[in-house]
Amino acid sequence: MKFVLDSHTHTIASGHAYNTIREMVIAAKEKGLELLAITDHGPKMTGAFSEFYFVNFGAVEKNRFGVELLLGSEVNIMDFDGTVDLNDNILKKLDVVIASLHLPCIDPGTKEENTRAYLNAMKNPYVNIIGHPDDSNFPVDFEALVLGAKENNVLLELNNSSLNPDNYRRNTKENDIEMLHLCKKYNVPIVVGSDAHADSAVGEHDLALEVINIVDFPVDLIANCSLKMFKKYTNKYKFS
């Protein structure tokens, strides 16, 4: 199984990642990737850059070292109504948008509340991916999540970093297996993100691939295997 892209990475602009855009692109090139998404944290994350960082992406060259670059954000879901920390005027100008629940930005709710937060975030036309919905700190109804992704044409993320035993997220492997079984049942595509916070982790999907193999998940439902498939979910290509 060959992955041609990494959909979820962070630079120093996230406040707790450690490389520049240039260094991340070079790492992607060395890993043989054709596309790299830079998805720095929205401004409500501790240490993240202000909104202005996201409106000035026109200054950045979008094809470097033979790697296509998508510039976007991993926005923070701030409440159970699905409100995120960048407004639509900014979101619609981003190439790709991941929406995630993060402990520094919102306290966990009930399963019903957390599920509602994700489902409402999906309804935003500029949200393309739901990030790491596998954390038992934020329990969710996975069947509702998968059906919501299908209805709203949003990708669910299988997050490689979540599966690291040292990660603070809980029960991620069991949750990811449940989510993938449901995605397989309902024919709902996924995307695998490294969630790299350093250049050494760009394109690292080994732990996610273990889960994919356990579930025997279909290759044609994995957006990382096809630039054409992935791009149709991104703002850059949906609204161009």
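Put simply, the side chain of Asn120 gets close to the backbone of Arg116: a donor and an acceptor are under 3.5 Å apart. A donor-acceptor pair under 3.5 Å is formed between the side chain of Asn167 and the backbone N or O of Ser161. Asn76 places no side-chain N or O within 3.5 Å of a backbone atom of Met78 that could act as its donor or acceptor partner. Using a distance-only test at 3.5 Å, with no hydrogens or angles considered, no donor-acceptor pair links the side chain of Asp88 to the main chain of Leu91. Asp81 places no side-chain N or O within donor-acceptor distance of the main-chain N or O of Thr83, the cut-off being under 3.5 Å. Between the side chain of Asn160 and the backbone N or O of Ala208 there is at least one donor-acceptor pair closer than 3.5 Å.
The neighbour count for Lys173 NZ, taken as heavy atoms of other residues, nucleotides or ligands under 6.0 Å away, does not exceed 12. In the displayed structure, Arg22 atom CZ is contacted under 6.0 Å by at most 12 heavy atoms of other residues, nucleotides or ligands. Around the NZ atom of Lys111, the shell of radius 6.0 Å holds no more than 12 heavy atoms that belong to other residues, nucleotides or ligands. Enclosure of atom NZ in Lys184 by more than 12 non-hydrogen atoms of other residues, nucleotides or ligands within 6.0 angstrom is indicated. Heavy-atom neighbours of Tyr168 OH from other residues, nucleotides or ligands within 6.0 Å: above the threshold of 12. In this structure, Glu112 places its CD atom where only 12 or fewer heavy-atom neighbours from other residues, nucleotides or ligands lie under 6.0 Å away.
Between Glu61 and Leu69 the shortest side-chain heavy-atom distance does not fall below 4.5 Å. Taking the side chain as every heavy atom from C-beta outward, Met1 and Ile222 approach each other to under 4.5 Å. Put simply, the side chain of Glu34 does not reach to within 4.5 Å of the side chain of Val67, judged on heavy atoms. Phe3 has its side chain within reach of Cys225: a pair of non-hydrogen atoms, C-beta onward, lies under 4.5 Å apart. In this structure, the side chains of Lys29 and Val25 stay at 4.5 Å or more apart for every pair of heavy atoms. You'll find the side chain of Leu101 stays beyond 4.5 Å of the side chain of Asp135, heavy atoms only. Side-chain contact check for Phe57 versus Asp95: every heavy-atom pair is 4.5 Å or farther apart. Taking 4.5 Å as the limit, some side-chain heavy atom of His205 sits within range of a side-chain heavy atom of Asp6.
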task: Dump the intermediate steps for side-chain contact (heavy atoms from CB on, under 4.5 Å) on Arg64 and Ile21, then the final yes or no.
output: CA-CA 10 Å; Arg64 310 181 75 181; Ile21 291 175; 4.1 Å; yes
- prompt: After noting the C-alpha distance and the side-chain angles of Phe230 and Leu70, does the key distance pass the side-chain contact (heavy atoms from CB on, under 4.5 Å) rule?
  reply: CA-CA 11 Å; Phe230 177 69; Leu70 298 187; 3.9 Å; yes
- request: Evaluate ring-ring contact (aromatic ring centres under 6.0 Å, His included) for His102 paired with His132, printing each intermediate quantity in order.
  value: CA-CA 10 Å; His102 290 115; His132 50 72; 5.0 Å; yes
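Note that the CD atom of Glu68 and the NZ atom of Lys231 stand 4.0 Å from one another [nearest 0.5 Å]. Taking OG of Ser226 as the start and NZ of Lys232 as the end, the distance is 8.5 Å to the nearest 0.5 Å. One finds the CG atom of Asn19 at 6.0 Å from the CE atom of Met24 (value rounded to the nearest 0.5 Å). Here CD of Glu30 is found 11.5 Å from OG of Ser200. Values are rounded to the nearest 0.5 Å. For the atom pair Phe54 CZ and Lys93 NZ, the distance stands at 14.0 Å (nearest 0.5 Å). The CD1 atom of Ile130 sits 7.5 Å away from the OG atom of Ser100 when rounded to the nearest 0.5 Å.
A donor and an acceptor atom, one from each side chain of Glu23 and Tyr18, are nowhere located under 3.5 Å apart. In the model, Asn128 has a side-chain atom that pairs as donor or acceptor with a side-chain atom of Asn235 under 3.5 Å. Between the side chains of Asp141 and Thr115, no donor-acceptor pair of N or O atoms lies under 3.5 Å.
Partner of Asp195 under the side chain to side chain donor-acceptor pair (under 3.5 Å) criterion, out of Thr39, Asn164, Asn159, Thr9: Asn159 alone.
Under the 30°/60° scheme for interplanar angles, the aromatic rings of His41 and His197 are found to be tilted.
Taking all atoms of both residues into account, the shortest heavy-atom contact from Ile98 to Ser7 is CD1-O, 3.6 Å.
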